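Keep in mind it's a predicted model, so treat the numbers as computed, not measured.
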Amino acid sequence: MAKQTKAQRIEEKVAGGLSHIEAEIEVEQEDAAARIARLRQRQEKEDAKVREIVVDLLEEEHSEVFERLQAKARERLSGEAQRRRERAKRATRSSESTPPSGVAAEKSTFSAGA
């Protein structure tokens, strides 16, 4: 589908039941939201580039600090991974220890009949 012009978008909204001015307002708001989204995306890219440069500068100018911070970051990642593993183990254990209600009822019925 080809990209619609602003006038086409307005006419489509008017055909949908909006007044001409309401349609213009909606189209302008959509366009503004799209522009803001593009600007935010550019800002995020610029921030990421700045962070890369800061890391490079820190490594070049303060290598001992960089190495210490890098070790701390690795410890933090390791700790987070360990917490996730422990949480997964607890979730697995708790689901294994409580059988589904139908299974418990079948076991008690079977035991009573024997």
Looking at CZ of R83 and OG of S78, how far apart are the two atoms once the value is rounded to the nearest 0.5 Å?
9.0 Å
Within the 4.5 Å heavy-atom criterion, are R68 and V65 side-chain neighbours or not?
yes
For I25, the side chain to side chain contact (heavy atoms under 4.5 Å, CB included) test, sequence neighbours excluded, returns I21, Q29
Return the CD to CD distance between E59 and E67, rounded to the nearest 0.5 Å.
8.0 Å
Kindly determine whether K6 and D31 satisfy side-chain contact (heavy atoms from CB on, under 4.5 Å), including the steps that lead there.
CA-CA 9 Å; K6 188 178 276 192; D31 290 349; 3.2 Å; yes
Looking at R9 and E30, does any basic side-chain N land under 4.0 Å from a carboxylate oxygen?
yes
Answer with yes or no whether the side chains of Q82 and R85 bring together a donor and an acceptor at under 3.5 Å.
yes
CD-CD1 distance between Q4 and I10, expressed to the nearest 0.5 angstrom
11.0 Å
Do NZ/NE/NH1/NH2 and the carboxylate oxygens of D56 and R51 come within less than 4.0 Å?
no
Hydrophobic clustering (ILVMFWY, side-chain heavy atoms < 4.5 Å, transitive) - are V27 and L18 grouped together?
no
What I'd like to find out is whether the side chain of R90 reaches to under 4.5 Å of the side chain of E86, using heavy atoms alone.
yes
Under a 3.5 Å distance rule, please check whether Q8 uses its side chain to pair with a backbone N or O of T5 as donor and acceptor.
yes
Give a yes or no answer on whether the side chain of S63 reaches the backbone of E60 with a donor-acceptor pair at less than 3.5 Å.
no
Is the shortest heavy-atom distance from the side chain of K89 to the side chain of R93 under 4.5 Å?
yes
Those residues at least two apart in sequence (or on a different chain) that pass side chain to side chain contact (heavy atoms under 4.5 Å, CB included) with R84 are E80, A81, R87
Taking C-beta and beyond as the side chain, do K13 and E22 meet within less than 4.5 Å on heavy atoms?
no
For a 4.5 angstrom cut-off between non-hydrogen side-chain atoms, does E11 reach H20?
yes
